[in-house]
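Please read the structure below before turning to the comments.
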Amino acid sequence: MKDKKNRPNILNNLGLKITALFVAVIVWVLINNVNDPVKYMRITNVQVKLLHTSMITDQGEVYTVQDNSDIIPVVTVKARRSIIEDLSRDDIVATADVENLTSLNTVEIKYYSTKYNNEIEDIDGSVDNVMLSIEPKLTDSFALQTEASGDVADGYELDSIVPEQNQIRVSGPESVVSTIATAKATIDVSGATGSISTYSDVKLYDENGGVIDASNLTMNITSVKVNVIILPLKTVPIEVGVSGTPADGYIRNGVVTLDPDTVKLAGKSSVLADVEKISIPASDVDITDCTSSFQTTLDIRNYLPEGASLADSGFDGMVDITVGIEAAETADINVSVSDISLENVPSGYKAQITSVNDGKKTTAASAESPTFSISMTGLSSALDAIKVSDLTPSIDVEHVIRSSGSGTTEGVYTAQIEIVQPDGVEINNTVTASVEITAQASIFGGSNASSEDAD
């Protein structure tokens, strides 16, 4: 058994041992710093994750991050090189817990790494706090409006824009939602020659037409399917019929004016192909008993074919119609008996007029300058334009004989003189003539079948 005095004592040379340990640590640190030095990693635009935001939303309020304070411009990580080299930007996390919300509505930002967190010396960001704006939540609904941009191709018209959903619901900060005036979907129809079905983004506008930033708003839809109907165009004339008779002593002057007298239609090609005009029926333009020009206004839309519509949005469809009516005048046109033509005289006979009766007087053909009168009523302009040569008075002798029912050809017949009635006038009287028909003597003492001398 050894003597205690000969046992080793760890306290012997304690100072020397501590010095040796200190030197060893320093050497280890120096070696470590040489082989694995401390490095820095900088990460830009790091998004802060907000925690426990339900503390705000559960109270019927909403929050808005102010000044983009939830985006950290620069985050600096300090760690040994071996760690830095094994880190990526996805490992660095920035959080702000709303449970720590201050009276100034700020939340402190804390940083950590999902890897080597305990071995990282420091993580620091250029922003310390997220700043929030907290206010009551407002939900409102808006009618969804539609709008076209651009122009369709020539010869086509934008007929309608129909969204498959016509209302939108928006929730968010009261200060933002309360400024919304309209919700609108805009569709580009530039150069379109047919109907379009497409999706369009929904945008929100204030009362001045400015676009509202919807990044802090919740919308039940952000885009909507829209059906755009584009139709071909066709311009056709408008025609109108006239019914009825003006009051006694008045007549139509033949002038009918329409304003406008054409109409531009829109519709499917299959509809417009057969449309050449739009007709207004005579029953809708009745001039019965009128003593002056008849005027009316009719809605042309009542006469459009099914499937066609007015293409001009500035035209209300009302057409002004005027039917010219003037006071009638009466004039007597003097005609010479010699102007009457005897037609279809039977062969071997001759015919001659012995007298003419115009209803007022009987004029013998043998009288000096025998004439008769034709009474006509019409517009003064039409009466002034009448020429005797236009009236071509005539008698169909063969017809007169046949109509008389007599068994012989020779004799004296009463015949109505046929008169060509000029446009725009009416003949008031019936003019008759006495026509004597006799057999023609031949140069041999018999009858001659020739009718060359019938007149």
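Hydrogens, waters and symmetry mates play no part in the numbers below; they use all other heavy atoms, side chains included.
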ask   = Which value, rounded to the nearest 0.5 Å, describes the distance between Ile196 atom CD1 and Ile230 atom CD1?
value =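 Going from the CD1 atom of Ile196 to the CD1 atom of Ile230 covers 4.0 Å.
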message = I need the Asp332 CG to Asn334 CG distance, nearest 0.5 Å.
response =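 So the CG of Asp332 and the CG of Asn334 are separated by 7.0 Å.
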Side-chain H-bond candidate by donor/acceptor type, [X] with [Y], under 3.5 Å:
X	Y	result
Thr179	Asp206	no
Asp320	Gln295	no
Thr363	Lys361	yes
Glu135	Ser175	yes
Asp91	Ser113	no
Ser341	Ser394	no
Asp90	Ser88	no
Ser190	Asp188	yes
Asn129	Glu108	no
Asn429	Asp358	no

task = Return yes when atom CZ of Arg169 has more than 12 non-hydrogen atoms of other residues, nucleotides or ligands closer than 6.0 Å, and no otherwise.
result =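 Result for CZ/Arg169: open.
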inquiry  = Are more than 12 heavy atoms, taken from residues, nucleotides or ligands other than Asp248, located less than 6.0 Å from that residue's CG atom?
reply    =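 No.
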query = Okay, side chain of Arg252, backbone of Ile287: is any donor-acceptor separation there less than 3.5 Å?
reply =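 Checking the backbone N and O of Ile287 against the side chain of Arg252, no donor-acceptor pair under 3.5 Å is found.
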Answer yes or no: is there an ion pair linking [X] with [Y], defined by an N-O contact shorter than 4.0 Å?
X	Y	answer
Lys137	Glu61	no
Glu276	Lys234	yes
Asp86	Lys115	yes

Please list, one pair per line, the donor and acceptor atoms closer than 3.5 Å that link side chains of residues 198-205 to other protein atoms, with sequence neighbours excluded.
| from | atom 1 | to | atom 2 | distance (Å) |
| --- | --- | --- | --- | --- |
| Ser200 | OG | Thr186 | N | 3.3 |
| Ser200 | OG | Thr186 | O | 2.8 |

Donor-acceptor pairs are to be reported for all side-chain atoms of residues 95-106 against protein atoms at under 3.5 Å, with residues two or more places apart or in another chain.
| from | atom 1 | to | atom 2 | distance (Å) |
| --- | --- | --- | --- | --- |
| Asp97 | OD1 | His52 | ND1 | 2.7 |
| Asp97 | OD1 | Glu99 | N | 3.0 |
| Asp97 | OD2 | His52 | ND1 | 3.2 |
| Thr102 | OG1 | Leu104 | N | 3.2 |
| Thr102 | OG1 | Thr106 | N | 3.1 |
| Thr102 | OG1 | Thr106 | O | 3.3 |
| Thr102 | OG1 | Thr106 | OG1 | 2.7 |

With [X] via side-chain hydrogen bond (donor to acceptor under 3.5 Å, both in side chains) - residues at least two apart:
X	result
Asp284	Tyr303
Ser404	Ser406
Asp384	none

inquiry  = The criterion is side chain to side chain contact (heavy atoms under 4.5 Å, CB included); which residues satisfy it with Ser197, sequence neighbours excluded?
reply    =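 Partners of Ser197 by the side chain to side chain contact (heavy atoms under 4.5 Å, CB included) criterion, ordered by chain and then number, come out as Lys225, Asn227.
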query = Under 4.5 Å between any side-chain heavy atoms of Ile386 and Leu391, yes or no?
reply =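 In contact.
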